[in-house]
Structures are given as C-alpha cells and as structure tokens.
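When reading the values below, keep in mind they use all heavy atoms of this one structure, side chains included, and skip hydrogens, waters and symmetry mates. Note on naming: letters A, B, ... go to the chains in the order of the sequence lines (proteins, then strands), and numbering restarts at 1 for each one.
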Amino acid sequence: MLKDFFLNEVKNAISKAIADNKLGQMGENDSYNLMIEKPKNPDFGDFAVNVSSLARVAKMAPPMIANTIVENISKENYSVSVVGGFINFKIENSLLANAIAEIIEKGENYGKPEGVATEKILLEYVSANPTGPFHIGHGRWAAMGSALANLLKFYGHEVYQEFYINDAGSQIQKLGNSLKIRVKQELGENIDFPTDEIERKNYYPGDYLIPVAKKFLENHKEVKSAQDVDAIDLRVYCDFAKAEMEACQKALLEDFRVHFDRFYSELDLHNSGKVEESYKELMSKSMLYEQDGAMWFKSSEFGDDQDRVIKKADGSNTYLTADIAYHIDKLRRGYDRLINIWGADHHGYVARVKASIEALGYDPNKLEVLLGQLVNLVINGEEVRMGKRKNMVTLDDLIEEVGIDATRYWMEMRNIDMTLDFDIELAKRSTDENPVFYVQYAYARVCSILRNAISEKLNPETGEKSPAPMSESEIDDLIKNFNKNLILKTADTAKSLILKLEEFKSVIVLSAQNRTVYTICRYVQELAAEFHSFYNSNRVICDDKDLMKSRLALMVAIKTTLKNALDILAVSAPERM
RNA sequence: GCGCUUGUAGCCCAGUUGGAUAGAGCGUUUGGCUACGAACCAAAAGGUCGGGGGUUCGAAUCCCUCCAAGCGCACCA
C-alpha cells in the first residue's frame, strides 16, 4: 500500500537520523505515533506525514524534525516537500502505473491483504426466535452480518457463520397455542385471541399463522373439529409451527444473500446435556450459590454489575444458562474469536456472558460483541416506531417494496451504533438521493464503455457502420500482457482516480480490523464519484489508440475494484441498468 | 436513579489512535449534452462540532459537569 510505503520511508529515515544522533534527545527506544493522510490541499502533495508528535520527545521544533527526516529519505519515484511539521510526498506516475498493474494482475483478488495475521472466527448474528417472520430490524443484522462475514473472509480470516435458534423457551408454547387457535378458526370455529392485553401476551396474534394452519389441516386430514384439535398434544402444534417458521426464515435469508453455515438449535443444546454440563462446571468451580430457592452465578466477581439467576426456584434454567453453555461450546469448537452481532436492547447481556466465559477459565476477550442500534421505519416522512408487533413491517415486505440491493445497501451504509432511519420512499427512488443507484450506475457505465470499445458503431443518419475501435483479442491482450508504460499516458488526468483505486487496499484492512461495513459503502461511493468525474472530462474511446488503450486499462481496473467491493456488500454489480 | 449508544451545515451522515482552512451526499442557487449512458459533472452559498469548564504547543476527538434523544436495568426469551 502506498500509505504504508511512505510511512515506512519515514520510519526508516527516523531510525537513520537517530543513529546519526541528529534527532535531538530522541533515542531508538522512544516510541512515537505517525499519521499518514491525504493533504486537504492537493497542491501540497498526494500523501502527508505529520511529524509534530515527535517534537515533545526530540525537543526540537517540528519543521526542523521534518527537514532532518527528509535528508534521510531516498526520494525514489516521488518528491518531497516540508511545510511546518508536515512532510508532503508527491508521487511520480510510475507508482500510479504500478497500482493499476497490480489491480489488473490480481483481478478478483485485488484488495486482499498479504502477510496479515488471520484467525478462525465464528460470527453469530440474527439469531431470532422461530416464532414469526423477520422484521426490518432483523434485516439490518442479516445484511450487516453477512457483509461483515464477506469482508472478514476477503481479508483472509476463516469465517464460520452461525444462527442460534431460540427454540427452547416458553415462546414456543405461545406459538403452538396460537396455531391451535388458527386451526380452529380454519375449521369454522368462532374463536379468537383474547382481547385482554395481558392474556393476549401469551399468543402471537399476527395473521402469518393462518397459512400455517391451512397447511396443518392439509397434513392432518383426520382433524375435523375443535374436539379433534384439542385431542392432539400441544407439542405437535409447537413443532409444526416452529418448523414452518424456520423454513420461512431460512428461505428469506437465502434470498437476501445471507448464508449460514449452521443453524444451532437451543433445544438441541439442552438435549445434548451441554447446558447441564456447564451448570455443573460452574458449580464445581464454586461459582454458584443458593438464595431464595434459586441458584445464582457470581457474575459480579467478573465485572457484571450484579449476580444472575441461573436456575430458577422451580428448577428450570434461565435463558442465560443456555447462552453460557452455547458460548462455551463455541469456544470448545476451537475458534480463535467469537463475534456476535446483538441488538442494543441486549447490551446488558454482554457483561454476564463474558463473566461466565472467564469463570469457566476461558479468555473473555475472545468474545467480541457488536451492539447494533435499532431500525426505525420512515414512511411519508413520519417515523414509525417498531416493536410491540403493531405496525410491524416484515423484512419480506420491505424487500418486495424496495428490492434486495437497495435494502441491503441501506442497511449496510450506516455505522452500527447509529440508529437507522429507513426511509422506504428514499430507498425506492432511483435518483441522486439514492447512493445504491449512483454506484451501480458507475459500474454499468464502465461496462458500457468496455462494450462500446469492441462494438462496431452505427451512424443513425447515414446507416453506415464503422468498425469497432478495438477487437476483443486486443482487449484480452491488454489485460494479459499488461504494459505499465501504457498507463503513463493517462496518469496525469487520472491521478486522483488511480489513488482512490489504490486506497481500496487500506480500506479493506481498516474495515476488517474495525469490523465496519459502512466504510466499504463510503469507499464505493467515493470511487464512483471519482470515476464519474473522470468520465465527464476525459473520453475513453478516442482516436489516439495508445491513449484509448491506456484508459481502457483504467476502466478494467475500476470495474475490478468496484466489483470486488460490491461483492463484499453482496449488492449486485449490473452490467446494464 | 444506574448503565450502554447518540448529539457535527436546512436534512442525512463522515471525520482513522488529538494535528494543515472541520468534510461528502441530499436540498438551495448557477452553469454544462449534435461525442463513450445527464440515473452524470462543475461551481457557489451554508458551521458557536448540544452547553459550560478543564488537560496542552494544539481538542469535533481525551477528562469533568450539565442538557437532550434512543435502548436497557427479570427467577421473560
């Protein structure tokens, strides 16, 4: 990366200067922090390193330090100037040509860092109850989680994606009871969900169970009356509804380009004995005590603000008990790192799960929880509060309304700790207000140019055909036997565009390390903007054949980079729109 | 009351571990197609970085305090 390159040049120069005893009181063991950035004013240069931070240690004025460093710098392929405490680098076109050569050579692998430490990561996200359709909030975790998985894989990590199914609690009974009512309704029975608000909380009154009830009756032809319905064990309804809901959820996730390697059932976890096992382990480590008939986990000894019940007075487990077992199980499966995406409404859970990990002798820092703020829906400029099942807009509805690409992009483009206002009207619009189309348009435009370069042109007035500016084999040759010198022809006008292409590598590294997806969105928009700007002032297909080749190579590089970035976001890169 | 997150241009958001004149987009105003897709580009206007203290050569960024918004604070899942 060019950033790292210049940073290293400066670091080496500093070491040299220290060795020659020219950096005041600075010794080789003194630590320092250097920043490399893009100068706000392009006249200064292409990259800048601020050495002011050395002033305190060296006891020298920043400009003096900068000049001393510059004396020890090689200045090969670039020029240097000093302004105040800044060392400004102006790169020569050969470096730009190298950047394009790298993209063309690496293709779909362009942007993958080399020589970075990688881990075996288990990424858990969505993890919804199988009691109903996804709402738009789940959509945010699904889009973000899958994009993060793509990003981390691209970075080089080994990523395993998991969905924890909360299928063991009382909510499944609620689901079964609700289905029972729907089945009776299908049989013509005059019955409805309780109107009393408290009673009603024991049911899922959403109408999504109506088709499930129909299907249930198709599969159970023997059921003909309310008596028949009651004669069947509740368990049957629970299992049936659960299976249906899970199937719906899985289908939707696949459509939404979200792929889990495993759906981990909480029920299976209980049945495997692992929950009981970790309970006993906590017990044997004296991490539990009895109070008011319940068993408590001493989580406050590990940073939680209070102790937590782990076995209720009635002998049943709490949700936390299973969650502890689940996380221990993940660690035992041999992952270097566990990353969870949780809604901000679960933030209170982080401390207690980490406490349990530590109590059982594992490193709590292996668990990283990304807390995501919730999603508000905006319809006609009005914020619609989510939650409480009223006004619930399902993810299905949203996707149908605005499409997969736009839905994904809008879910991905915001920092996870910002509350997301999802404006349906805006996301649907294919105008300047919608960044998805802006980016996709850039891609389609690049593809269009590459198509035109090898198509014969029809003059609409004369009806005459003129031959294609380039042949397909010439384009192939351009890519396969790429000649760096070619790019020099266009380097001057395309400088900021090429630098933006080169930046992709740093964007990947930073985004992966910070676990941010929105930074990829920002990058892709910036790159699109650079391209559009270049497009408006430079013709790619032109009479000067070498210049045309040079710019076509640039187009290939843009196409490659945009595609690689969009693939991470799992947003489609259309060749035409 | 306690905890987590947020507060930056009319709107929506960036701002890397403290560093050059606080930046994009939308909206507004003005300009640009008989040339590769105008779903585009160029330019201008627009700021007390929620308020107030502090730390230092330097703060949107770190510390304290106050204000406002969202979300939590279960022997529910």
Watson-Crick or G-U wobble partner of [N], both distances under 3.5 Å:
N	result
B/A42	B/U30
B/G58	none
B/G37	none

Does A/K3 make a cation-pi contact with A/F47, if we ask for NZ or CZ under 6.0 Å from the ring centre and within 45° of the axis? no
Could you tell me whether A/R352 sits above the aromatic face of A/F297, with NZ or CZ closer than 6.0 angstrom to the six-membered ring centre and within 45 degrees of the axis? no
Would you indicate what [X] reaches in the nucleic acid, counting non-hydrogen atoms under 4.0 angstrom: base, sugar-phosphate, or nothing?
X	result
A/A444	base
A/N538	base
A/L34	base
A/A351	nothing
A/M577	base
A/R576	base
A/A313	base
A/S533	sugar-phosphate
A/N415	sugar-phosphate

Distance-only, no hydrogens or angles: does the A/S178 side chain make a donor-acceptor pair with backbone N or O of A/K174 under 3.5 Å? yes
Any side-chain N or O of [X] below 4.0 angstrom from OP1/OP2 of [N]?
X	N	result
A/K500	B/A24	no
A/T318	B/A77	no
A/K174	B/C76	no
A/R451	B/G37	no
A/Y518	B/G15	yes
A/N452	B/G37	yes
A/Y535	B/A38	yes
A/Y438	B/C41	yes

Nearest to side-chain heavy atoms of [X], which nucleotide of [options]:
X	options	result
A/Y319	B/A77, B/A39, B/C75	B/A77
A/R522	B/C40, B/G37, B/G23	B/G23
A/W296	B/C36, B/C75, B/C40	B/C75
A/R445	B/C40, B/A77, B/C75	B/C40
A/D417	B/C76, B/U6, B/C71	B/U6
A/I449	B/C41, B/C36, B/A14	B/C36
A/E37	B/C40, B/A14, B/U16	B/U16
A/Q373	B/U5, B/A77, B/A14	B/U5
A/N88	B/A38, B/A20, B/C4	B/A20

Whole-Å distance separating the [atom1] atom of [X] from the [atom2] atom of [N]:
X	N	atom1	atom2	value
A/H346	B/U5	NE2	P	18 Å
A/H347	B/C4	NE2	P	7 Å
A/Q306	B/G1	CD	P	19 Å
A/R539	B/C36	CZ	P	6 Å
A/N434	B/C11	CG	P	21 Å
A/W141	B/C71	CH2	C1'	11 Å
A/Y443	B/A39	OH	C1'	18 Å
A/D345	B/G72	CG	P	6 Å

Judged by nearest nucleotide, the residue sitting upstream toward the 5' end of RNA chain B, A/L374 or A/G293, is A/L374
Reading RNA chain B from 5' onward, which residue's closest nucleotide shows up sooner: A/M413 or A/C542? A/M413
Taking [X] first and then [Y], would you say they form a salt bridge - that is, a charged N and a carboxylate O separated by under 4.0 Å?
X	Y	value
A/K298	A/D307	no
A/R308	A/D305	yes
A/K354	A/E368	no
A/D196	A/R200	no
A/K545	A/E474	yes

Taken to the nearest 0.5 Å, the spacing of A/F422 CZ from A/N376 CG works out to 12.5 Å
Any N or O donor-acceptor pair linking the side chain of A/Y349 to the base of B/A77 at under 3.5 Å? yes
Sticking with atom [atom1], work out how far [N] lies from [M], rounded to a whole angstrom.
N	M	atom1	result
B/A59	B/G54	C1'	11 Å
B/U28	B/A20	C1'	30 Å
B/A77	B/A69	C1'	28 Å
B/G19	B/C62	P	10 Å
B/C64	B/C11	P	30 Å

Which heavy atom in A/M144 sits nearest to a heavy atom in A/N415, and how many Å separate them? CE-C, 4.5 Å
Close side-chain approach of A/L179 and A/C238, heavy atoms under 4.5 Å: no
Output a table of nitrogen or oxygen pairs between the protein and nucleotides 57-63 of chain B separated by less than 3.5 Å.
residue : atom : partner : partner atom : Å
B/C57   : N4   : A/R56   : NH2          : 3.3
B/G58   : O6   : A/R56   : NH2          : 3.4

Going by side chain to side chain contact (heavy atoms under 4.5 Å, CB included), A/H327 matches just one of A/I324, A/D323, A/D329. Which one? A/D323
